[in-house]
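Comments concern the structure below.
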Amino acid sequence: MQATLLPTRLLPCKQGVRLLAARPRVVRIAATATPLAHTTAQNGSGGDNGAAPQVVGVLPPAAVYQAAANAGAAKAAMPFGKTVLLGVVAGAYVGLCAALLMTVGPNCPGIGQSNPGLAKYITAAIGFPFVLLMILVCGAELFTGNTAMLPAAVYKNWVGSYLGNALGCALGCFLLLNSGLMPQFSNAINAISVTKISYSFKETFIKAVMANWFVVLAVWQATAAQTMGGMFIACLSGISAFVAIGLEHCIANMVFVPLGVITDVPGVTWSAFFLNNLLPVTLGNIVARALCMATVYSLAYGSLGKKVWKQ
């Protein structure tokens, strides 16, 4: 589930496109493609009729990589306190949308018995896709997304966003526990919290890699999208996929499993949460985003590729 795109909007300039960094000291990286020109053929308008180019719906891959690189540069320059604050906001969004997920899908027993696949997709599609959309559009810092946007050397943002997310999830749990709505969450809490601590370290780690590969694909696609509708479709595709399959996301689990501990679900304990779930899931999330996405696309379009593929 990641991060505000406000500092990373593409603007036209003489060299093609560039992104405005949030702070003056952030390096501005020129995109390797010209997205506005990229739309001419698609929209059917030629370049010699004097008409202004239409706005592109989706950026080409090279420009998406540059947008992600610039987002990482802006995040690296963000003060630690601000990162924590926006991390709290992201964690709270996770808690709020977890309430929606737990209210709808797990409370459809008839559909679950007759069509379990459909029940899983209803649970996946109603709730968590909105978390990512809120974070991208409104602005917040999600640890699992920042591991893809930032190089592995930038630990300040990782620590700040992870800490902020944990505090925000704790706030979300507090609100849910004191809302008077817990009875409608009980089916989901019982099933989800027990399931998440029941797998081996290896299985949980691999599910975490798979989950955040889906999530970062959603973020990458949302970075490419230039409309609100396009961003929502990008969020829906990746987030609903990982939730429906039953994969693992460390920040989401900071809501589901603690609720199981606090409400005394049998077998769900703090030690089981930290050792059986949170540790392997956090590590798997980092691997998926930092290696499967950031490294791969740097090889394809960035400076790492220039070093590896140089003649």
So, for [X] and [Y], which heavy atoms are closest and what is the spacing to 0.1 Å?
X	Y	answer
Lys196	Asn277	O-ND2, 2.9 Å
Ala211	Phe242	CB-CD1, 3.8 Å
Cys97	Gly127	CB-O, 3.5 Å
Ala208	Pro280	CB-O, 4.1 Å
Ala124	Pro129	O-CD, 3.3 Å
Glu141	Thr83	CB-O, 4.0 Å

[X] side, atom [atom1]; [Y] side, atom [atom2] - distance, nearest 0.5 Å:
X	Y	atom1	atom2	value
Ile135	Phe130	CD1	CZ	13.5 Å
Leu167	Leu85	CG	CG	10.5 Å
Leu132	Leu142	CG	CG	7.5 Å
Phe232	Leu136	CZ	CG	12.5 Å
Asn276	Tyr199	CG	OH	13.0 Å
Met231	Thr223	CE	OG1	7.5 Å

Should [X] and [Y] count as side-chain neighbours, where that means a heavy-atom distance under 4.5 Å?
X	Y	answer
Val131	Ile239	no
Leu100	Leu96	no
Ile206	Glu203	no
Val194	Asn190	no
Cys250	Leu278	yes
Met182	Leu177	yes
Met134	Val89	no
Val243	Leu101	yes

Linking Ile, Leu, Val, Met, Phe, Trp and Tyr through side-chain heavy atoms less than 4.5 Å apart, which residues share a cluster with Ile233?
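Ile233 shares its hydrophobic cluster with no other residue.
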Side chain to side chain contact (heavy atoms under 4.5 Å, CB included) evaluation trace for Leu247 with Trp213
CA-CA 10 Å; Leu247 305 178; Trp213 204 340; over 6 Å; no
Evaluation steps, side chain to side chain contact (heavy atoms under 4.5 Å, CB included), between Leu86 and Met78
CA-CA 11 Å; Leu86 292 177; Met78 186 181 296; 4.1 Å; yes
Do [X] and [Y] sit in the same hydrophobic cluster, where Ile, Leu, Val, Met, Phe, Trp and Tyr count as joined when their side-chain heavy atoms come under 4.5 Å apart?
X	Y	result
Phe214	Ile126	yes
Leu259	Ile251	yes
Leu181	Leu171	no
Ile245	Val215	yes
Leu175	Val261	no

Looking at Phe256 versus Phe128, is the centre-to-centre ring distance below 6.0 Å?
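Ring-ring flag for Phe256/Phe128: true, centres closer than 6.0 Å.
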Under 3.5 Å, sequence neighbours excluded: what are the donor-acceptor pairs made by side chains of residues 103-110?
residue	atom	partner	partner atom	Å
Thr103	OG1	Ala99	O	2.7
Thr103	OG1	Gln184	NE2	3.0
Asn107	OD1	Asn187	ND2	3.0
Asn107	ND2	Met102	O	3.4
Asn107	ND2	Thr103	O	2.8
Asn107	ND2	Gln184	O	2.9

Show me, pair by pair, the donor-acceptor contacts under 3.5 angstrom made by side chains of residues 266-275, not counting sequence neighbours?
residue	atom	partner	partner atom	Å
Thr269	OG1	Ser271	OG	3.2
Thr269	OG1	Ala272	N	3.2

Partners passing side-chain hydrogen bond (donor to acceptor under 3.5 Å, both in side chains) against Ser237 (at least two apart in sequence or in another chain):
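So Ser237 forms a side-chain hydrogen bond (donor to acceptor under 3.5 Å, both in side chains) with Gln221.
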Could you tell me whether a side-chain N or O of Asn115 sits under 3.5 Å from a main-chain N or O of Ile111, the two making a donor and an acceptor?
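Such a contact is absent between Asn115 side chain and Ile111 backbone.
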Determine which pairs satisfy ring pair (Phe, Tyr, Trp, His ring centres under 6.0 Å) with at least one residue from residues 161-191, sequence neighbours left out, and list them in order.
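Checked against ring pair (Phe, Tyr, Trp, His ring centres under 6.0 Å) - neighbours excluded - the pairs reaching residues 161-191 are Phe143-Tyr162.
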My understanding is that only residues two or more places apart in sequence, or in another chain, count here; which of them pass salt bridge (charged side-chain N to carboxylate O under 4.0 Å, His left out) with Lys207?
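For Lys207 the salt bridge (charged side-chain N to carboxylate O under 4.0 Å, His left out) partners, ignoring immediate neighbours, are Glu248.
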